[in-house]
Engineer: 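Before I ask anything, let me first share the structure, which is written out below as structure tokens.
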Amino acid sequence: MARVVVPDVLDATQCALLAKEVGYRDFNDPLVWPIAEQAYKRFQVDLDDPSYVRVECRKEGHDWHLDNGPHMPWVEVSVSVLLTERPADAVGGILQFHDIVPDQKPGELWMWDTQAENRHRVSSHDGWRVCLLMFLQGQNVAA
């Protein structure tokens with residue numbers, strides 16, 4: 001099982017710029033590339049299709065899952081960067097792994113492989129949680 005945390009990969013201004021627009025982004029985007037580069041340095045991943053990156057605000061959260069389930073069997077590494085600060089009166093929006101509930105801070109990069117031990121969820125929330133997510137395939141090794 002691999003889980004890597006890189007603090008302060010984005011500053012508050014970069015987080016705010018990314019959080020403005022929910023949807024798919026390009027790995028070459030100057031705000032996205034530093035994050036992709038961190039994943040590329042630490043894992044053997046390929047940034048070509050079907051790998052993708054998106055900014056997401058999913059109020060219903062995500063139930064317990066692995067990111068390489070039937071819908072995306074090619075995923076080998078997942079990336080999450082929280083882009084928004086949790087307001088004092090916020091409801092939900094908590095990232096949770098089977099063994100820890102990380103205190104994920106805005107601009108902090110979380111990366112993990114798709115081993116069973118990295119099963120995770122995000123609780124439903126009132127719309128405060130905006131995240132940058134990457135789902136990365138492994139590098140193909142020529143025979």
Side-chain angles (χ1 to χ4, degrees), residues 1-140:
M1 173 182 74
R3 212 179 281 157
V4 177
V5 180
V6 181
D8 303 321
V9 73
L10 296 174
D11 64 29
T13 300
Q14 293 167 317
C15 286
L17 287 168
L18 280 166
K20 280 184 180 181
E21 190 175 333
V22 171
Y24 291 94
R25 303 297 287 253
D26 190 282
F27 285 109
N28 292 319
D29 179 315
L31 294 172
V32 172
W33 176 246
I35 301 160
E37 186 176 37
Q38 291 291 327
Y40 196 76
K41 287 192 316 192
R42 289 173 169 80
F43 294 95
Q44 292 186 341
V45 294
D46 186 339
L47 303 181
D48 293 328
D49 186 50
S51 294
Y52 69 91
V53 58
R54 66 176 281 122
V55 174
E56 178 178 277
C57 180
R58 185 178 159 105
K59 290 183 180 184
E60 63 271 24
H62 294 276
D63 205 1
W64 287 105
H65 68 286
L66 290 170
D67 291 327
N68 65 340
H71 62 297
M72 298 188 309
W74 49 268
V75 174
E76 290 193 23
V77 174
S78 301
V79 173
S80 173
V81 179
L82 183 62
L83 300 175
T84 49
E85 190 75 45
R86 180 184 172 86
D89 61 346
V91 174
I94 305 302
L95 172 65
Q96 180 179 1
F97 291 93
H98 76 98
D99 59 340
I100 62 167
V101 179
D103 181 20
Q104 191 179 23
K105 295 170 180 45
E108 182 176 76
L109 169 60
W110 280 75
M111 299 179 280
W112 59 89
D113 62 20
T114 53
Q115 300 297 312
E117 295 87 357
N118 280 327
R119 187 173 158 89
H120 59 283
R121 71 175 177 175
V122 175
S123 58
S124 61
H125 57 92
D126 55 8
W128 73 269
R129 180 185 175 87
V130 180
C131 263
L132 181 138
L133 302 173
M134 291 181 184
F135 301 100
L136 307 171
Q137 68 181 333
Q139 290 179 352
N140 292 328

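Only this structure's heavy atoms are used, side chains among them; waters, hydrogens and symmetry mates stay out. Computed from a predicted structure; not experimentally measured.
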Engineer: Can you list the steps and then say if Asp99 with Glu117 is a side-chain contact (heavy atoms from CB on, under 4.5 Å)?
Structural biologist: CA-CA 8 Å; Asp99 59 340; Glu117 295 87 357; over 6 Å; no
Engineer: Just so I know, are the side chains of Phe27 and Leu136 near enough to count as touching, which here means a heavy-atom distance under 4.5 Å?
Structural biologist: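 The answer is yes, as the side chains (C-beta and beyond) meet within the 4.5 Å cut-off.
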Engineer: Which pairs with one or both residues in residues 59-72 pass salt bridge (Lys or Arg N to Asp or Glu O under 4.0 Å), sequence neighbours excluded?
Structural biologist: Arg58-Glu60
Engineer: Are the side chain of His62 and the backbone N or O of Val122 linked by a donor-acceptor pair below 3.5 Å?
Structural biologist: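 Not at all, since once roles are kept as given, no pair shorter than 3.5 Å links the two residues.
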Engineer: Looking at every heavy atom in both Glu85 and Pro106, which two are closest together, and how far apart are they?
Structural biologist: OE1-CG, 3.5 Å
Engineer: Checking Leu82 against Glu108 for the side-chain contact (heavy atoms from CB on, under 4.5 Å) test, could you report, in this order, the C-alpha distance in whole Å, the side-chain angles of both residues, the deciding distance, and whether it holds?
Structural biologist: CA-CA 7 Å; Leu82 183 62; Glu108 182 176 76; over 6 Å; no
Engineer: State whether the side chain of Ser80 and the backbone N or O of Trp110 hold a donor-acceptor pair below 3.5 Å, judged by distance alone.
Structural biologist: no
Engineer: With the side chain counted from C-beta on, respond yes when Trp64 and Gln96 share a heavy-atom pair under 4.5 Å apart, and no when they do not.
Structural biologist: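 Side chain of Trp64 against side chain of Gln96, heavy atoms only: contact under 4.5 Å found.
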Engineer: Step through it carefully: locate the ring centre of His65, locate the ring centre of His120, and say whether they are under 6.0 Å apart.
Structural biologist: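 They qualify: ring centres under 6.0 Å apart.
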Engineer: Give a yes or no answer on whether the side chain of Ser123 reaches the backbone of Ile94 with a donor-acceptor pair at less than 3.5 Å.
Structural biologist: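 At least one qualifying donor-acceptor pair exists.
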Engineer: Roughly how far, to the nearest 0.5 Å, is CD of Glu56 from CG of Leu83?
Structural biologist: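 Leu83 atom CG to Glu56 atom CD measures 11.0 Å (nearest 0.5 Å).
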Engineer: Of all the heavy-atom pairs spanning His71 and Leu66, show the shortest one and how long it is.
Structural biologist: CE1-O, 4.2 Å
Engineer: I want to check something: taking the side chain as every heavy atom from C-beta on, are Asn118 and Arg3 in contact at a cut-off of under 4.5 Å?
Structural biologist: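 The answer is yes; the side chains approach within 4.5 Å.
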Engineer: Please list all pairs meeting salt bridge (Lys or Arg N to Asp or Glu O under 4.0 Å) that have one or both residues in residues 118-138, counting only residues at least two apart or in different chains.
Structural biologist: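 Of all non-adjacent pairs touching residues 118-138, none passes salt bridge (Lys or Arg N to Asp or Glu O under 4.0 Å).
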Engineer: Mind listing the closest non-hydrogen atom pair of Tyr40 and Val45 along with its distance?
Structural biologist: CE1-O, 3.2 Å
Engineer: To the nearest 0.5 Å, how far apart are CD1 in Ile35 and CG in Leu10?
Structural biologist: 4.0 Å
Engineer: CG of Asp113 to CE of Met111: how many Å apart, nearest 0.5 Å?
Structural biologist: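 The CG atom of Asp113 sits 11.0 Å away from the CE atom of Met111.
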Engineer: Side chains of Val53 and Asp26: closer than 4.5 Å at any heavy-atom pair?
Structural biologist: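 Not touching, per the 4.5 Å side-chain cut-off.
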Engineer: Less than 3.5 Å apart, which donor and acceptor atoms pair up between the side chains of residues 12-23 and the rest of the protein, not counting sequence neighbours?
Structural biologist:
{"unit_1": "Gln14", "atom_1": "OE1", "unit_2": "Asp11", "atom_2": "N", "d": "2.8"}

Engineer: Within a radius of less than 6.0 Å around CZ of Phe97, do more than 12 heavy atoms belonging to other residues, nucleotides or ligands occur?
Structural biologist: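 Count over threshold, so yes.
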Engineer: What's the shortest heavy-atom distance between Pro34 and Val9, and which atoms?
Structural biologist: O-CG2, 4.3 Å
Engineer: Fit a plane to each ring of Tyr52 and Phe135, take the angle between them on a 0 to 90° scale, and name the class: parallel (under 30°), tilted (30 to 60°) or perpendicular (over 60°).
Structural biologist: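 It falls in the tilted class, 30° to 60°.
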Engineer: Quick check: closest heavy atoms across Leu47 and Trp33, and the distance to 0.1 Å?
Structural biologist: CD1-CZ3, 3.6 Å
Engineer: Working to the nearest 0.5 angstrom, can you tell me the gap between Asn28 CG and Arg25 CZ?
Structural biologist: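 Atom-to-atom, Asn28:CG and Arg25:CZ are 12.5 Å apart.
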Engineer: Could you pull out the closest heavy-atom pair between Val4 and Phe43, with the gap in Å?
Structural biologist: CG2-CZ, 4.1 Å
Engineer: Is Gln137 reaching over with its side chain to a backbone N or O of Asp48, donor-acceptor style, under 3.5 angstrom?
Structural biologist: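 Judged by distance alone, yes, a pair lies under 3.5 Å.
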Engineer: Could you tell me whether the side chain of Val79 reaches within less than 4.5 Å of the side chain of Gln38, counting heavy atoms only?
Structural biologist: no
